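Since the structure is predicted, the reported quantities are computational estimates derived from the model, not experimental observations. Quick note on labels: first sequence line is chain A, next is B, and so on, each numbered from 1.
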Amino acid sequence: MSERKTDIGPPHYEQFLPPVVKENYGKWKYHEIPEPGVLKHVSETGAELYSVRAGAARLISTDFVREACEIADKFCGGYLRFTSRNNLEFLLTDKAKIEPLKQELKKKGWPVGGTGHSVTSIIHTQGWVHCHTPAIDASGPVKAVMDDLFEYFGSHKLPAQVRIALACCINMCGAVHCSDIAICGVHRTVPKVDHDKLRHLCEIPTTIASCPTGAIRPHPDKALKSVTVNDPRCMYCGNCYTMCPAMPCFDAEKGGVALLVGGKVSNAKNPPAFSRLAVPYIPNNPPRWPEVVKTIRTILIKYAEGANKWERLGEWVERIGWEKFFEVCDLPFTFQHIDDYKFQAYDTYRTSMHFKF
Amino acid sequence: MSKTPLLDQLESGPWPSFVKDLKRVATKKPQVKDLLGQLERSYREKITHWKHGGIVGVLGYGSGIIGRYSDLPDEFPGVEHFHTMRINQPSGWFYTTKALRQLCDIWDKHGSSLLNLHGATGDIIFLGTRTENLEPAFADLTAAGWDLGGSGSTFRSPSCCVGPARCEWSCYDTMEACYEITQEMQFDLHRPSYPYKYKIKFSGCPNDCVAAVARADLSVIGVWKDDIRIDQAAVKAYAGGELKPKGGGAHVAKLDVKADVTDLCPTGCMKWDGKTLKIDNKNCNHCMHCINMMPQALRPGTESGAAILLGSHAPILEGAQLSWVIQPFMVMESPYDEFKELNGRITEWWAEYGKNRERVGELILRLGMREFLEAAELPPVPQQVRIPRANPFFFWQPTDFEAEAKGRKYFTKKGFEVK
């Protein structure tokens with residue numbers, strides 16, 4: 001065992017940097033986006049670096065990675081990187097190689113884009129491919145939405161960048177809560193307590209403590225050694241299920257999709273903001289979630305038509321007012337839109353006469 | 001007839017299809033064939049077929065592996081065990097093809113050949129292997145210079161934006177900071193010793209390309225204190241239409257410096273008279289809008305470092321939080337002692353008082369910002385709040401009276417004055 005290596009941490013990044021990056025590290029002067037999917041960075045030294053960005057699925061195989069490696073060997077001296085949104089970036093110093101590289105990517109069906117005022121790749125979670133709490137799949141709805149919005153990946157025609165994210169349940173693994181458009185899987189049924197399993201599998205105090213609304217109580221029949229759920233207090237977060245596998249809250253028919261809009265993380269002009277509820281429920285409709293795809297397209301088109309240049313989606317909504325947002329997107333406003341969850345809620349009710357009819 | 005008629009419908013369309021990719025692997029890997037089979041059933045039944053977790057790992061570590069078991073092991077034996085391995089990514093997600101191929105070889109040998117580049121926290125995600133393969137996979141990974149990332153109630157693998165490697169706006173070396181802090185925290189990364197997860201993300205500027213403010217408990221966001229660097233000739237070139245706004249990343253042919261830049265400045269600290277751009281830098285709030293619009297004309301200043309923000313997390317449990325500014329400026333230079341010390345005080349306080357599964361931001365909500373700031377030895381400064389309180393219900397501590405008597409602004413309860 002003595003030779004067993006542990007706690008070595010990740011390899012040092014320097015060995016993975018292409019020579020042009022190493023030589024110009026910290027010396028970059030400015031950048032341009034000469035065309036959608038191509039970034040040009042210029043150094044104080046005059047050196048130029050071209051990054052060609054290609055969209056990829058998040059769920060990929062080693063075959064796919066080897067293909068990407070072949071391209072990077074052929075065009076980029078064996079270097080490449082990935083972005084925070086699962087895009088590939090091929091790094092070039094020779095401008096003349098951009099076109100042939102793009103041709104090669106086109107042959108493979110790998111789209112070039114994701115820069116500037118585009119809809120770039122949707123960051124997402126694992127869904128039915130690998131998760132135990134999802135309400136919806138992740139890779140499937142992402143593929144369906146990106147197929148539909150494909151024209152916006154490889155162009156800069158929107159008023160600003162649009163960041164879409166998907167989380168397959170309200171745990172929201174991923175920055176869904178701060179995205180221009182957030183797709184969120186929701187459960188809508190209270191956990192079904194399996195008393196026989198619970199007794200053997202779960203710690204009752206931690207299960208009770210896991211409930212953010214205090215809806216879980218010890219079962220009055222002490223012999224059962226289980227819990228009960230006060231149904232009206234439950235908002236289906238599934239946190240109890242995380243602590244106690246005997247409390248699943250899945251329901252094939254009632255689970256579905258919520259859409260939230262208007263969030264962002266950058267500080268440009270306005271501060272970072274949460275996404276806000278636009279649609280509380282859309283049916284879970286595999287394999288291509290047509291109602292989700294259609295609603296997102298509607299929101300995106302109305303935004304593109306209505307926003308001033310440079311306005312992020314949330315900035316557009318803020319300017320026209322949420323009441324106008326629901327009107328122009330033809331989305332019904334429901335009790336679910338009015339926040340009643342803890343400390344954030346009261347800050348969202350209107351106290352001014354600044355509203356529209 | 002196809003066994004996956006629903007998934008087959010995801011093979012068409014212009015966006016790259018994960019189904020196509022998985023299908024070609026399924027011809028070599030029976031577990032991927034079974035994964036597709038189980039996924040098809042989920043598509044048909046609209047429900048997941050993964051069982052609740054399960055504790056698996058490699059010797060001596062309490063993190064890095066997520067246990068996953070199918071609830072249909074008889075029908076799909078290939079995914080009976082389908083554990084995830086999180087591999088700590090290199091700073092900035094740069095690779096050589098040699099390194100990537102080596103990772104692929106290891107995963108073809110010990111796992112399903114499926115992966116994510118990368119997961120939400122930043123790690124390389126290897127999806128799907130059996131318990132008995134974990135230790136051999138780990139041995140091959142470490143032999144090749146790779147290590148597992150965090151999971152569960154640990155310090156999670158930090159991540160960073162591309163920083164000075166390819167960006168002119170980075171106000172500190174995000175790549176180096178991420179690497180050095182990751183190395184420093186190896187023990188906490190691999191052995192769960194916290195109340196819950198704890199993430200750090202390093203963004204080089206307020207554009208925050210790794211979403212530090214929303215996705216990291218401790219958000220380190222680059223900022224400058226001096227003047228925005230201006231190239232007046234380049235400003236004129238933007239005004240004249242020779243240079244494209246946002247470097248060409250927008251469908252706008254010509255920049256209107258007044259309408260598109262100075263009128264949209266949130267602090268109104270800029271003026272453009274058609275010849276010269278003037279910035280009242282003392283009143284700039286570092287939003288990045290003008291810099292984003294004219295990347296060849298403007299750059300952040302050179303007296304730079306990072307703002308330290310704390311507390312963000314997704315909605316579980318108290319509702320989503322964004323990180324709060326706790327220290328508006330810190331010089332970020334190797335060996336990052338000031339940062340490491342502050343991080344140590346934060347995690348120590350949280351480990352002491354945090355309840356099981358309580359994020360540090362939630363603990364601050366429960367115990368109060370003052371409690372936290374005193375523990376972290378941080379003074380109250382106006383940059384920490386958007387607006388001061390509107391209610392008259394503020395507390396006075398005995399130390400406040402002592403400080404008052406001595407003509408001082410404040411003492412902490414620990415009995416010393418914060419810097």
*Asks:* Sort A250(B) into side chain, backbone, both or neither according to what part of it lies under 4.5 angstrom from a heavy atom of chain A.
*Replies:* both
*Asks:* Just by distance, with hydrogens left out, do H190(B) and D7(A) show a side-chain donor and acceptor under 3.5 Å apart?
*Replies:* yes
*Asks:* Evaluate the criterion side chain to side chain contact (heavy atoms under 4.5 Å, CB included) for residue pair K143(A) and V19(B); output intermediate values, then yes/no.
*Replies:* CA-CA 10 Å; K143(A) 159 80 173 139; V19(B) 175; over 6 Å; no
*Asks:* Please determine whether the number of non-hydrogen atoms from other residues, nucleotides or ligands lying under 6.0 Å from atom NZ of K20(B) exceeds 12.
*Replies:* no
*Asks:* Hey, could you give me the CD1/NE2 distance between I125(B) and H130(A), rounded to the nearest 0.5 Å?
*Replies:* 9.5 Å
*Asks:* Please look at H49(B) and chain A and tell me whether the side chain, the backbone, both or neither of the residue comes under 4.5 angstrom of a heavy atom of that chain.
*Replies:* neither
*Asks:* Give the member of Q321(B), Q183(B), M288(B) that has the highest number of heavy-atom pairs under 4.5 Å with chain A.
*Replies:* Q183(B)
*Asks:* Could you look at R68(B) and say if it's the side chain, the backbone, both or neither that has a heavy atom under 4.5 Å from chain A?
*Replies:* side chain
*Asks:* Taking side chain as everything from C-beta outward and backbone as N, CA, C, O, which of these in V58(B) sits under 4.5 Å from a heavy atom of chain A? Side chain, backbone, both or neither.
*Replies:* both
*Asks:* Checking heavy atoms, do the side chain of S12(B), its backbone, both or neither come under 4.5 Å from chain A?
*Replies:* both
*Asks:* Answer yes or no: is there an ion pair linking K29(A) with D231(B), defined by an N-O contact shorter than 4.0 Å?
*Replies:* no
*Asks:* Does any backbone or side-chain atom of H31(A) lie under 4.5 Å from a heavy atom of chain B? Answer side chain, backbone, both or neither.
*Replies:* both
*Asks:* Measure Q15(A) against the heavy atoms of chain B and call it side chain, backbone, both or neither at under 4.5 Å.
*Replies:* backbone
*Asks:* Using heavy-atom distances under 4.5 Å, tell me whether T121(B) contacts chain A through its side chain, its backbone, both, or neither.
*Replies:* neither
*Asks:* What part of L59(A) lies closer than 4.5 angstrom to a heavy atom of chain B: side chain, backbone, both or neither?
*Replies:* both
*Asks:* Can you tell me which portion of F150(A) sits under 4.5 Å from chain B's heavy atoms? Options are side chain, backbone, both or neither.
*Replies:* side chain
*Asks:* At a 4.5 Å cut-off on heavy atoms, which part of K269(A) comes close to chain B: side chain, backbone, both, or neither?
*Replies:* both
*Asks:* By a 4.5 Å heavy-atom criterion (distance strictly below it), what part of H124(A) contacts chain B: side chain, backbone, both, or neither?
*Replies:* neither
*Asks:* Hey, what's the ring geometry for F82(A) with Y95(B), parallel, tilted or perpendicular (30° and 60° as the breaks)?
*Replies:* perpendicular
*Asks:* Do L80(A) and T97(B) touch side chain to side chain, with heavy atoms closer than 4.5 Å?
*Replies:* yes
*Asks:* With a 4.5 angstrom heavy-atom cut-off, could you sort out which part of Y25(A) is near chain B: side chain, backbone, both or neither?
*Replies:* both
*Asks:* For N207(B) and A268(A), which heavy atoms make the closest approach, and how far apart are they?
*Replies:* OD1-CB, 4.4 Å
*Asks:* Are V129(A) and L39(B) side-chain neighbours, meaning at least one heavy-atom pair lies under 4.5 Å?
*Replies:* yes
*Asks:* Given F94(B), which partner from the list Y13(A), Y79(A), F16(A) fulfils the side chain to side chain contact (heavy atoms under 4.5 Å, CB included) test?
*Replies:* F16(A)
*Asks:* At what distance, to the nearest 0.5 angstrom, does CG of L100(B) lie from OG1 of T62(A)?
*Replies:* 11.0 Å
*Asks:* Examine the side chains of H117(A) and K246(B) and answer whether a donor and an acceptor come within less than 3.5 Å of each other.
*Replies:* yes
*Asks:* Would you check if P111(A) and W15(B) make a side-chain contact, meaning some heavy-atom pair closer than 4.5 Å?
*Replies:* yes
*Asks:* Hey, what do you get for CG (D208(B)) to OG (S266(A)), rounding to the nearest 0.5 Å?
*Replies:* 8.5 Å
*Asks:* Does this structure show an ion pair linking R66(A) with D105(B), if we count only N-O contacts that are shorter than 4.0 Å?
*Replies:* yes
*Asks:* Hey, mind stepping through D256(B) and K309(A) against salt bridge (Lys or Arg N to Asp or Glu O under 4.0 Å) and telling me if it holds?
*Replies:* CA-CA 11 Å; D256(B) 179 336; K309(A) 51 181 174 172; 5.9 Å; no
*Asks:* Heavy-atom distances under 4.5 Å only: say whether L117(B) touches chain A with side chain, backbone, both or neither.
*Replies:* both
*Asks:* With a 4.5 angstrom heavy-atom cut-off, which part of T125(A) approaches chain B: side chain, backbone, both or neither?
*Replies:* neither
*Asks:* D260(B) versus chain A, heavy atoms under 4.5 Å apart: side chain, backbone, both or neither?
*Replies:* both
*Asks:* Select one option (side chain, backbone, both, neither) describing which atoms of D137(A) are under 4.5 Å from chain B's heavy atoms.
*Replies:* side chain
*Asks:* Mind checking the CD1-CZ spacing from I123(A) to R215(B)? Nearest 0.5 Å is all I need.
*Replies:* 4.5 Å
*Asks:* Less than 4.5 Å to any heavy atom of chain B: does that hold for the side chain of E14(A), its backbone, both, or neither?
*Replies:* neither
*Asks:* Side chain from CB out, backbone as N, CA, C, O: work out which of these in P18(A) comes under 4.5 Å of a heavy atom of chain B, or both, or neither.
*Replies:* side chain
*Asks:* With the threshold set at 4.0 Å, does a side-chain nitrogen-carboxylate oxygen contact exist between E32(A) and K244(B)?
*Replies:* no
*Asks:* Starting at NE2 of H52(B), measure out to CG of L201(A) and round the result to the nearest 0.5 Å.
*Replies:* 9.5 Å
*Asks:* Which bit of L91(A) is near chain B, if near means a heavy-atom gap under 4.5 Å: side chain, backbone, both or neither?
*Replies:* side chain
*Asks:* Are W93(B) and E89(A) close enough that some pair of their side-chain heavy atoms sits under 4.5 Å apart?
*Replies:* no
*Asks:* About how many Å separate CD of Q186(B) and CD1 of I8(A), when rounded to the nearest 0.5 Å?
*Replies:* 8.5 Å
*Asks:* Can you tell me which portion of F153(A) sits under 4.5 Å from chain B's heavy atoms? Options are side chain, backbone, both or neither.
*Replies:* side chain
*Asks:* Is E311(A) close to chain B through its backbone or its side chain, or both, or neither, when contacts mean heavy atoms under 4.5 Å?
*Replies:* neither
